[in-house]
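So the structure is just underneath, and the comments pick up after that.
Quick note: residue numbers are just sequence positions, from 1.
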Amino acid sequence: MQSKGSNYHRNGLVFRSPISALLLCTIAAFASFYVAGRLWQDAENRVYLGKELDRITGQGKSAISVDDTLKIIGCREQQKKLTALEMELAAARQEGFVSNLVSTTKTSPKKRPLVVIGVLTGFGRKNKWDVIRKAWMSSGEALRKMEDQKGVIARFVIGRSANRGDSLDRGIDIENKDYKDFLILDSHVESAEELPKKNKLFFAHAAERWEAEYYAKVNDDIYVNIDALGSTLAAHLDTPRVYIGCMKSGEVFSEQGQKWYEPDWWKFGDGKTYFRHASGEMFVISKALAKFVSINRSILRTYAFDDVSTGSWFIGLDVKHIDDRKFCCASWSTGGICAGA
């Protein structure tokens with residue numbers, strides 16, 4: 001049971017609480033004003049002392065703002081990234097992942113050659129080489145001039161001797177050292193039976209070595225009219241896949257011992273007639289077709305003759321066959337591009 005005194009005590013505390021709170025708020029307000037005043041005074045003192053220090057030392061205001069500092073830091077970070085990328089590029093180039101043709105300086109792009117002409121030849125034909133050089137292919141500085149001014153690259157194409165390193169091979173190496181106009185197929189062994197494979201290797205290696213618009217195969221007993229060839233090829237630049245030549249067909253000989261015997265005669269049907277293909281004396285294929293041959297060289301079938309073999313590679317492709325009688329190599333009087341020696 002609570003006493004009367006206890007109730008009086010509790011009521012008195014409640015009665016005095018608002019007064020105590022008001023007093024505390026007043027004290028807190030004065031304390032806040034006092035602290036704020038001291039802080040303001042300290043700030044003023046610091047500003048004054050800072051100005052005096054600048055006046056005495058002569059330093060004044062900083063010349064670089066915060067924004068400028070951030071920009072400098074950003075530039076330094078970019079410089080670090082650029083340096084790292086340059087190091088990675090150098091390492092990649094050393095490992096062979098970047099072409100050696102990449103240059104740090106801007107150079108004008110080199111004009112793409114119009115055509116690479118491969119003159120398929122064999123051992124012991126020095127007289128033919130000299131005649132061709134004098135007639136249309138040129139040599140030395142004139143050969144380089146034809147490449148630079150007309151975009152025509154011409155090379156004699158030959159393989160290696162069955163007796164690797166013999167006098168035949170050494171003779172070709174000496175000839176090429178003197179004239180620098182040979183494309184030597186080191187993986188090919190020279191023989192009449194392997195001419196279709198040699199033809200395939202020429203297109204494959206030429207497409208890898210020179211990025212030209214066209215690639216032409218020519219026999220070493222054919223003369224070529226370079227200007228007429230250039231004009232004719234320029235007219236077909238808008239067609240990406242072209243096969244140009246003196247188109248023909250012909251009988252397939254199935255009896256062994258015949259001059260033009262075809263071991264795979266049975267593949268050409270009961271009519272024993274070849275499909276349409278360009279004469280082997282001279283024909284031209286476009287860049288896309290040469291790259292196709294280069295990529296698929298290991299699986300492209302060859303037949304008994306090089307011209308038939310080449311024609312067979314394009315049977316199933318979307319290729320435009322152009323039958324141009326100027327490639328029949330009959331005579332110059334007909335306006336031909338080529339003529340027999």
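- Residues Lys150 and Asp227 form a side-chain contact, since some pair of their non-hydrogen atoms from C-beta on lies under 4.5 Å apart.
- With hydrogens and angles ignored, the 3.5 Å screen pairs no side-chain donor or acceptor of Ser231 with any backbone N or O of Ala228.
- Minimum heavy-atom separation, Leu233 to Tyr214: O-OH, 2.9 Å.
- Side chain of Gln258 to main chain of Glu255: a donor-acceptor pair is present (N/O by atom type, distance under 3.5 Å, no hydrogens or angles).
- Between Cys246 and Cys329, the sulfur-to-sulfur (SG-SG) separation does not fall under 2.5 Å.
- Aromatic pair Tyr261/Phe253: ring centres not closer than 6.0 Å.
- Between the Arg164 side chain and the Asp186 main chain, a donor and an acceptor come within less than 3.5 Å of each other.
- Under the 4.5 Å side-chain criterion, counting only non-hydrogen atoms from C-beta, Glu281 is not in contact with Val218.
- Among all heavy-atom pairs drawn from Ile222 and Trp136, the shortest one is O-NE1, 3.4 Å.
- Taking each heavy atom of Arg160 and Phe123 in turn, the nearest pair found is C-CZ, 3.8 Å.
- The two residues Met282 and Cys338 come nearest to each other via the heavy atoms SD-CB, 3.8 Å.
- Both the sub-6.0 Å distance and the 45° axial angle are satisfied by Arg301 relative to the ring of Tyr303.
- Judged by distance alone, the side chains of Tyr274 and Glu251 never bring a donor and an acceptor atom under 3.5 Å apart.
- Judged by distance alone, the side chain of Lys200 and the main-chain N or O of Val293 form no donor-acceptor pair under 3.5 Å.
- Classification of Lys248 and Asp307 as a salt-bridged pair holds, one side-chain N sitting under 4.0 Å from a carboxylate O.
- Of the charged side-chain nitrogens involved, at least one lies within less than 4.0 Å of a carboxylate oxygen, so that Asp323 and Arg325 count as a salt-bridged pair.
- Contact detail for Gly159 and Glu190: the closest heavy-atom pair is N-OE2, 2.7 Å.
- A side-chain donor-acceptor contact under 3.5 Å links Asp169 to the backbone of Ser161.
- At distances below 3.5 Å, at least one donor-acceptor pair connects side-chain atoms of Asp166 with backbone N or O atoms of Leu168.
- Note: the hydrophobic cluster containing Leu289 does not contain Val115 (ILVMFWY, side chain heavy atoms under 4.5 Å, direct or indirect links).
- Side-chain atoms of Phe156 and Leu120, non-hydrogen and from C-beta on, never get closer than 4.5 Å to each other.
- The cationic atom of Arg133 (NZ for Lys, CZ for Arg) lies less than 6.0 Å from the six-membered ring centre of Tyr179 and within 45° of the ring axis.
- Ionic pairing of Arg144 and Glu147 is present here: one or more N-O contacts between side-chain nitrogen and carboxylate oxygen are shorter than 4.0 angstrom.
- Ser286 places a side-chain N or O within donor-acceptor distance of the main-chain N or O of Pro240, the cut-off being under 3.5 Å.
- If you check the side chains of Lys272 and Ser254, you find a donor sitting under 3.5 Å from an acceptor.
- Minimum interatomic distance between His188 and Leu201 (heavy atoms only, all atoms of both residues): CB-CD1, 3.7 Å.
- Of the possible donor and acceptor atoms, one in the side chain of Lys217 sits under 3.5 Å from a partner among the backbone N and O of Gly280.
- The residues Arg241 and Asp318 are annotated as salt-bridged, a charged nitrogen and a carboxylate oxygen being separated by less than 4.0 angstrom.
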